[in-house]
Amino acid sequence: MVCILFTSSSVHAQLKVYPLQKSSAPTPEKIKAKNTAARTQELHPRSLPFWDDFSWTQVDEENDTLANYPLDSLWVNNYTVWINSGLGLNPPSINVATFNGLSATNAPYSDQQVANGFRDTLVSQPIRLDEVPEAERSTVFLSFFYQWNGNGEPPDPKDYLRVDFKNDQGVWEPIVTIATDESFTADQFYDTLVQVQGERFFHESFQFRFMNYGRLSGPYDTWNLDYVYLNKYRDPDDRYLPDRTIVSTLTNLFNGYRAVPYHHFLNSVSNPIGQPSFDVFNVKNDTSTLSYSVTGIFTNYKDSIGVTTVEPLGTERPIDGPTGVIYERERKRVTLQLQNVPDRNNMAQFDPDADSVDVELKVLLYTGDTFNRGTNEFAT
């Protein structure tokens, strides 16, 4: 189940996505001033599994100095990669990690226009692969989705994305090189599965990293990364995961506008309320059934004092109206069918004497999953 919160007002509007609580999410004390030149890289060895689809990362939050950067709890050397929701085309989940050719200070790596070399790097926190029993080590695989170009600048023929593993001597070994291919399309994410093979990698400080090679003089040669997953009990055909993801933000409530003047909203001849929508993606190799419910939160402001009213706008219903079915690896648009549309004639929702009104749509997406804390497994 995932909670989506959409807010809009006569002054400012934004969409926020709030996943279910995750223990590795940033804590308030981590929201501190960022000094990229002198930042201490803390290493926190962790056990399997390792997973990040970058949807937990806050993006475009003005008061969060760690916004748009990978989580410290999962990654180190993470300020050269940009987390965003705009540079990926048709990603498997909302937000991608973009290797865009700019340093941690948002500057080019070189002032030489034609210079090439390694640029952005994303390094995992240490992982306790020594905890994996010998009999299970052949089942440890790393998977991820990558995209060439997206909404960025296409990499040149000699550019590439590389994956390295750190061995028990602390030496990085190149494992996979993804070279530019003429078959790549800008709007496609390709999934990759890599086995962790060799006893030298099963130590207490195993790490993996992504690096890109390209032009050093600016934001060129874009690669997007998403849905990184390392775990045991996998095999060479394990490209599907028991997950249904949100892959786009909710569209605007006011028929294409994030905000409208309150007087215009109350007196408009046409109905200013539209039907917001968002996209979901089924990462499973099986059909799923999804449903959702919507709650409206209305805060009327008079002289900077807000009064909030909460009203259900719809009971649980299938994502597509009739069945809620989504097939394996299908991307589907969900248009909210509000049984109780926000009503500008309802004074509890829109007080005509208010100076402005904030409207939040709280959408709960139900996947039908049940987590068994005894076995640490999901029943779907």
Scan side-chain atoms only and decide if Tyr213 and Asp221 contain a donor-acceptor pair under the 3.5 Å cut-off.
no
For Tyr229 and Asn231, test the side chains for any donor-to-acceptor distance below 3.5 angstrom and give the result as yes or no.
yes
Under the side chain to side chain donor-acceptor pair (under 3.5 Å) definition, can you give me all pairs with a residue in residues 168-181, not counting sequence neighbours?
Asn167-Glu173, Glu173-Arg200, Asp181-Ser183
Kindly give the heavy-atom pair with the smallest separation between Gln275 and Thr335, and that separation in Å.
CB-CG2, 3.8 Å
Looking at residues at least two apart in the chain, or sitting in another chain, which of them share a salt bridge (charged side-chain N to carboxylate O under 4.0 Å, His left out) with Arg234?
Asp238
Measuring from Leu129:CG to Gln207:CD, what's the distance to the nearest 0.5 Å?
10.5 Å
For the residue pair Thr57 and Leu71, establish whether any side-chain heavy-atom pair is separated by less than 4.5 Å.
yes
Interatomic distance, CH2@Trp56 vs OG@Ser73, rounded to 0.5 Å, equals 11.0 Å
Would Thr308 and Thr299 count as having a side-chain donor-acceptor pair, cut-off 3.5 Å?
yes
Side-chain (Asp343) to main-chain (Gln349) donor-acceptor, under 3.5 angstrom:
no
Among Phe189, Phe50, Trp51, Phe210, which one satisfies ring-ring contact (aromatic ring centres under 6.0 Å, His included) with Phe144?
Phe210
Check the orientation of Phe350 and Phe265. Use parallel for under 30°, tilted for 30 to 60°, and perpendicular for over 60°.
tilted
Which pairs, with at least one residue in residues 266-279 and sequence neighbours excluded, count as a salt bridge (charged side-chain N to carboxylate O under 4.0 Å, His left out)?
Asp279-Arg331, Asp279-Arg333
Shortest non-hydrogen contact between Arg239 and Asp191, atoms and distance
NH1-O, 3.1 Å
Would Asp156 and Lys158 pass as an ion pair if we require N to O under 4.0 Å?
no
Would you please classify the geometry between the Phe206 ring and the Phe208 ring as parallel, tilted or perpendicular, with 30° and 60° separating the classes?
tilted
Of all heavy-atom pairs between Pro108 and Leu102, which one has the smallest distance, and what is that distance?
N-CD2, 4.0 Å
Can you name the closest pair of heavy atoms from Tyr190 and Thr185 and give their distance?
OH-N, 3.0 Å
State which residues pass ring-ring contact (aromatic ring centres under 6.0 Å, His included) with Phe141; sequence neighbours excluded, sorted by chain then number.
none
Can you classify the ring geometry of Trp148 versus Phe184 as parallel (below 30°), tilted (30 to 60°) or perpendicular (above 60°)?
tilted
How long is the straight-line distance from CD1 of Ile178 back to CG of Leu161, given to the nearest 0.5 Å?
5.0 Å
State the NE2-CG distance between His263 and Asp355, to the nearest 0.5 angstrom.
14.0 Å
Anything under 30° is parallel, anything over 60° is perpendicular, the rest tilted; go ahead and classify Phe201 against Phe165.
perpendicular
What pair of heavy atoms forms the shortest contact from Arg215 to Arg119, and how long is it?
O-NH1, 2.7 Å
Separation of Gln188 CD from Asn149 CG (nearest 0.5 Å):
13.0 Å
Any side-chain heavy-atom pair of Asn212 and Asp159 under 4.5 Å:
no
Can you name the ring-ring contact (aromatic ring centres under 6.0 Å, His included) partners of Phe281, sequence neighbours left out?
none
Residue pair Thr245 / Asp243, side-chain donor-acceptor N/O under 3.5 Å:
no
Please report the closest heavy-atom contact between Ile319 and Lys332, naming both atoms and the distance.
CD1-CD, 4.1 Å
Among side-chain atoms of Asn224 and Thr98, is any donor-acceptor pair under 3.5 angstrom?
yes
Donor-acceptor list for residues 289-298 side chains, cut-off 3.5 Å, not counting sequence neighbours:
unit_1, atom_1, unit_2, atom_2, d
Ser291, OG, Glu316, OE2, 2.5
Tyr292, OH, Gln337, N, 2.8
Ser293, OG, Tyr366, OH, 3.0

